[in-house]
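As structure tokens, the structure follows; a few thoughts come after it.
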Amino acid sequence: MPIDTSSGNKSFFQKYSYELGRNPDHEWYKSAMKSLEYLTQLPVGWDGYRAPPVSFTNAVFALQVLNSICRPNTTPPQIVPGVSGNLQIEWHTQEGDLELNIRSPFNVIAWYSILGINPIEEELHLTNDFIRIVEPLTTITEPVIAHLAAA
Amino acid sequence: MLTSPLHNGRNRVIPHDHEEILPENWVIRRISPAWIVKDPKVTEGRRLSSQTWEASSDENGGMSVDLLAQIEESDYDPVSFVTSPRWPCSIKMLVLSLRQLGYEVGYDPILDEDSLEDNPFHGQVWGSFSKPNQDALSKISEWFVQMPNVSITKG
């Protein structure tokens, strides 16, 4: 997402996350930034009822999580809003699914399902270490790389 | 209309299973386009995110719904009431099915709340929204106003 500096009126999220982000040129980063920018600006009641927008703190934490688990060529995730200011990062491929429900900073419910001959499904409660989902993420989004790593 | 629900000292509705919401009634849940995700595993290529079936973390929060029978009793057309460009589609769930899954279905009108439009037909579904339960909820959901080429379930 281009940063508008013509008038100096960067959105607060754009300004802060640009300084925070270490991977501004990666497709997953640009895609996530665009999604998070949109979700943090949702109106109250966006779900038709009482839901607030995605909170800024959750959005920034989500970006930090993505920074810690994504490779340069990781497929951009889909990011959906929750009804409590939370958000969910999702990948869905033919290989399986991975969902990260960012309830609040350091309070993440990770769920993944890997299909195939030996299917695996697991749910994890993660706080500040996301190493356990790096391999499932690679398997789901980059199965060729995962296969080579396993060989 | 339904008998008004009880509230706690902070004006929050107390979770309840309203006896005037009958098993044969339906509840509607509006769908934001933000909840539609791409999934190559479903025939349509797109489906609803599991976040569709999620409860609020607010005090006594549940999963918000519109009560179809109460809308029908009023002068409002149900489809028109829940549908707009912001909520182009919606799903419905049978109250009996919800209760069989262990949920409580209650009444919680939205009236005179800051930043929100009044909704005298607002209800809530209270219970556990674990991953297995979200899957079960998706399987008892049907389109009320269908979004073309979008699956409710993940198959």
Side-chain angles (χ1 to χ4, degrees), chain A residues 31 35-36 38-55 58 75-104 107 109-116 119 121-125 140-141 143, chain B residues 12-13 28-42 45-59 61-66 81-84 86-90 108 110 113-119 121-125 129-132 134-135 151 154-155:
Chain A
S31 173
S35 294
L36 294 171
Y38 171 72
L39 296 178
T40 53
Q41 296 182 30
L42 288 169
V44 174
W46 60 266
D47 66 332
Y49 307 107
R50 293 187 173 112
V54 170
S55 76
N58 284 340
T75 304
Q78 302 177 80
I79 305 178
V80 302
V83 297
S84 302
N86 61 316
L87 62 97
Q88 185 158 284
I89 301 170
E90 308 188 18
W91 284 271
H92 304 292
T93 72
Q94 294 287 3
E95 316 303 324
D97 308 274
L98 172 61
E99 297 176 0
L100 305 176
N101 186 350
I102 311 282
R103 294 181 168 182
S104 62
N107 182 8
I109 303 297
W111 170 86
Y112 68 88
S113 169
I114 297 176
L115 306 175
E121 183 173 341
E122 188 174 17
E123 184 173 281
L124 305 166
H125 184 203
I140 289 166
T141 61
Chain B
R12 298 287 187 173
V13 69
I28 300 168
R29 183 150 170 84
R30 306 180 198 190
I31 303 299
S32 165
W35 283 337
I36 297 174
V37 294
K38 296 177 184 176
D39 187 347
K41 296 185 294 303
V42 300
R46 297 187 301 167
R47 63 168 173 87
L48 299 182
S49 166
S50 58
Q51 283 295 301
T52 301
W53 300 273
E54 184 74 46
S56 168
S57 62
D58 288 349
E59 180 182 2
M63 179 176 71
S64 283
V65 294
D66 297 273
F81 186 80
V82 301
T83 310
S84 71
R86 291 171 66 187
W87 310 294
C89 58
S90 49
D108 178 25
I110 297 177
E113 294 185 25
D114 289 344
S115 306
L116 299 175
E117 290 184 16
D118 284 356
N119 183 354
F121 315 112
H122 180 251
Q124 295 223 46
V125 176
F129 291 86
S130 64
K131 194 65 180 168
Q134 288 178 324
D135 285 347
S151 171
K154 58 184 181 183

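Each chain gets a letter, A, B and so on, in the order the sequences are listed, and its residues count up from 1. Values below: all heavy atoms of this structure, side chains included; hydrogens, waters and symmetry mates excluded.
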- [ ] Take the angle between the ring planes of A:Tyr49 and B:His122 and call it parallel below 30°, perpendicular above 60°, tilted in between.
- [x]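 Because their plane-to-plane angle lies in the 30° to 60° range, the rings of A:Tyr49 and B:His122 count as tilted.
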
Taking the side chain as C-beta and beyond, is there a heavy-atom pair between [X] and [Y] under 4.5 Å?
X	Y	result
A:Ile109	B:Lys131	no
B:Gln51	A:Asn86	yes
A:Val80	B:Ile36	no

Open item on the list: Checking B:Glu59 now: which residues fulfil salt bridge (Lys or Arg N to Asp or Glu O under 4.0 Å) with it, not counting sequence neighbours?
Closed with: B:Arg10

Open item on the list: Please identify which of these residues, A:Glu99, A:His92, A:Gln88, meets the side-chain contact (heavy atoms from CB on, under 4.5 Å) condition with B:Val37.
Closed with: A:His92

For each of [options], tally heavy-atom pairs with chain B at distances under 4.5 Å, and name the one with the top tally.
options	result
A:Leu87, A:Leu39, A:Val44	A:Val44
A:Val83, A:Asn101, A:Ile79	A:Val83
A:Ala51, A:Gly45, A:Gly85	A:Gly45

Is it the side chain or the backbone of [X] that comes within 4.5 Å of chain B heavy atoms, both, or neither?
X	value
A:Leu115	side chain
A:Gln94	both
A:Arg50	both

Task: B:Trp87 (side chain) donor-acceptor with A:Trp46 (main chain) under 3.5 angstrom - done: yes

So which part of [X] gets closer than 4.5 Å to some heavy atom of chain A, the side chain, the backbone, both or neither?
X	result
B:Arg47	side chain
B:Val82	neither
B:Glu117	neither

Taking all non-hydrogen atoms of both residues, which atom of [X] and which atom of [Y] are closest, and how far apart?
X	Y	result
A:Trp111	B:Lys154	CH2-NZ, 3.5 Å
A:Glu90	B:Ser49	OE2-OG, 2.5 Å
B:Ala55	A:Ser84	O-OG, 3.8 Å
A:Pro43	B:Arg86	CG-NH2, 3.7 Å

Open item on the list: Working to the nearest 0.5 angstrom, can you tell me the gap between B:Asp39 CG and A:Asp97 CG?
Closed with: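 One finds 5.5 Å between CG of B:Asp39 and CG of A:Asp97.
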
Task: Pairing residues for B:Trp53 by the side chain to side chain donor-acceptor pair (under 3.5 Å) criterion, not counting sequence neighbours - done: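 Only B:Ser141 meet the side chain to side chain donor-acceptor pair (under 3.5 Å) criterion with B:Trp53.
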
